[in-house]
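A note on names: the letters A, B, ... follow the listed sequences, proteins ahead of strands, and every chain is numbered from 1.
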There are 2 protein chains.
Amino acid sequence: MGEQAKTTRQQQREATRARILEAAVRAFTDKGFHGASTRDIARLAGTNQGLITYHFSSKEALWRAAADALFADLELRLREKLENVSTRDPREYAREIIREYVRFSAARPELFRLMVDEGKVADERLNWLVDKHIKSRFDALAPELSKIAGLDGELLPHAFYALAGAASLIFAVAPECRRLTGLDPARAAAVEAHADFVANLMLPSR
Amino acid sequence: MGEQAKTTRQQQREATRARILEAAVRAFTDKGFHGASTRDIARLAGTNQGLITYHFSSKEALWRAAADALFADLELRLREKLENVSTRDPREYAREIIREYVRFSAARPELFRLMVDEGKVADERLNWLVDKHIKSRFDALAPELSKIAGLDGELLPHAFYALAGAASLIFAVAPECRRLTGLDPARAAAVEAHADFVANLMLPSR
DNA sequence: TTTTTCGCTTGTCAATCGAATAATTAAATG
DNA sequence: CATTTAATTATTCGATTGACAAGCGAAAAA
């Protein structure tokens, strides 16, 4: 039977750590850093507040771990797609990247919520986010996409934020969308419709 | 001399009320409803916390007053523009409305911040926002614009949120944009560039 | 089995929260 | 001037915040 029931101790540790982390992602992106209490997070994770200090030492550190997890999800998703694109045409290639980013925003609206929350005020958390996670991805991805779209360099920031906003907002405010329009943007058909809409917006076919 | 120096009493009352209200708009849209404390707001307004209870009776009521003020700003801005459009061509007319909405988002990024903050969780504040402020504007404006753009009715929510996100995000996260790209989106030239970019995105000329 | 380790629970701390009340001060009124 | 009114300030309340310390109890090691 080899290694059937592994280290029950370390397994349990990792499981609770993961539960706290996912609860933190939810709470931070729902109520913002100040609005989410460590006791809320603990209750969401089914444990107590002391465990948060034990596993993550501070609320700030827990927030950084939550942000790391969200960007890791994005990285995984895009890397996987970048390797398995069906087309070779650069324009259709870029359109598929955009579509996949829309699908990610639907599956993990928390990342966009976090970026809007923290992008509003110039503090240490924003500096950490930009320097550790955003800057490198922007520098790597944006020039390539702008070349495909035939963009003037000065318009690059405008295209970047227009794309991010157009792709993600509807999923970030899904409860509002449901109440306002009756459409549930999380449904698979709606996700694909939005992916096509945004791809056509940014890179119209021919 | 008639009513030269009016009621100094009521004038002072209105002035402090306005100062508290503007501080509330700033604080609520910076840190979210839970993250902004009434003491923060009072200090921002140059007064003490007791005055908030006196003028607005509760934090909830103050938040609603702040939201009312933001939507009043939007209403004023768009109404003024709707009456003074230079063109009669429906497409160019719609493009100019979009441009003006972008300019408003640059001048008052707080409205978009509030809508993202509150659109994330289905609670009473969201219901109040949608029912009192958003629903009527959406129903009045969206069908007209979608007719001009030649949109399928099913795509209306997608176009609505894509437009809102593309138009407003860059200004809502201006501090992030500055650190990431070096561009200050609040500068007049950048505002006009973004207005043109979004107008061309949603309604390409010819 | 005995001992050690460590994931976890509980309780406590000063600080801060929203709200209410009492006290103060200056303008409006007679 | 004296009196009333009301805008503002100061104080206080119970509840909640993040962080920390002490101890528990079962798994791991001896």
Side-chain angles (χ1 to χ4, degrees), chain A residues 3-28 30-67 117-118 123-125 128, chain B residues 1-28 30-67 117 123-125:
Chain A
E3 47 200 43
Q4 141 211 16
K6 257 204 231 165
T7 53
T8 313
R9 192 75 163 262
Q10 203 169 357
Q11 267 184 339
Q12 186 67 19
R13 177 191 173 89
E14 289 302 312
T16 44
R17 224 192 98 102
R19 259 169 37 235
I20 293 175
L21 197 57
E22 184 56 31
V25 166
R26 200 99 47 106
F28 280 135
D30 272 358
K31 309 186 180 180
F33 179 80
H34 289 107
S37 75
T38 52
R39 280 174 179 83
D40 282 347
I41 296 172
R43 191 162 27 79
L44 255 174
T47 61
N48 55 76
Q49 189 242 358
L51 252 194
I52 288 182
T53 310
Y54 176 74
H55 278 291
F56 297 92
S57 77
S58 80
K59 187 183 181 181
E60 276 270 344
L62 174 60
W63 179 88
R64 283 195 295 268
D117 271 348
E118 300 298 335
D123 56 11
E124 261 325 296
R125 288 195 306 280
W128 179 87
Chain B
M1 349 196 129
E3 48 202 42
Q4 138 214 15
K6 259 206 228 161
T7 53
T8 312
R9 192 79 162 262
Q10 203 168 359
Q11 266 185 339
Q12 186 66 19
R13 176 191 175 89
E14 290 301 314
T16 43
R17 224 192 97 102
R19 258 169 38 235
I20 292 175
L21 198 57
E22 184 56 30
V25 167
R26 200 100 46 106
F28 280 134
D30 272 358
K31 308 186 181 181
F33 179 79
H34 288 106
S37 75
T38 53
R39 282 176 177 83
D40 282 346
I41 296 172
R43 190 161 27 80
L44 256 174
T47 61
N48 56 75
Q49 189 241 359
L51 255 192
I52 288 182
T53 311
Y54 176 73
H55 279 292
F56 295 92
S57 78
S58 80
K59 188 184 181 181
E60 276 270 344
L62 174 60
W63 178 87
R64 283 195 295 268
D117 270 349
D123 56 11
E124 260 326 295
R125 289 196 305 280

Interatomic distance, B/Phe56 CZ vs C/dA19 P [rounded to whole Å]: 13 Å

A/Arg9, nearest nucleotide to its side chain (from D/dT9, C/dG18, C/dT5): C/dT5

Side chain of A/Arg39 - closest among C/dG18, D/dT17, C/dA19: D/dT17

Salt bridge present between B/Asp117 and A/Lys31 (N-O < 4.0 angstrom): no

Quiz item: A/Gln49 side-chain donor-acceptor pair to D/dA19 base, under 3.5 Å: yes

OP1 or OP2 of C/dA19 under 4.0 Å from side-chain N/O of B/Thr38: no

Rounded interatomic separation in angstrom, taking CZ from B/Arg13 and C1' from C/dA27: 14 Å

Closest listed nucleotide, where the reference is the side chain of B/Ser37 and the choices are C/dA20, C/dC17, C/dT12: C/dC17

B/Glu60 CD - C/dC17 P separation (whole Å): 17 Å

Atom-to-atom span, CH2 of A/Trp63 to P of D/dG18 - whole angstrom: 16 Å

Selection from C/dA19, C/dT12, C/dT9 that lies nearest to any side-chain heavy atom of A/Asn48: C/dT9

Touch class at under 4.0 angstrom, heavy-atom based, for A/Ala42 against every strand present: nothing

B/Glu14 CD to D/dT8 C1', straight-line distance once rounded to whole Å: 16 Å

B/Leu51 CG to C/dA19 P, straight-line distance once rounded to whole Å: 15 Å

5'-most by nearest nucleotide on DNA chain D - B/Thr47 or A/Asp40: B/Thr47

Parallel, tilted or perpendicular: rings of A/Phe33 and A/Trp63 (30°, 60°): perpendicular

Interatomic distance where NZ belongs to B/Lys59 and P belongs to D/dA15 [whole Å]: 18 Å

From C/dG18, D/dA28, D/dG18, nucleotide with atom closest to A/Thr8 side chain: D/dA28

Distance, rounded to the nearest Å, where A/Ile52 contributes CD1 and D/dT17 contributes C1': 12 Å

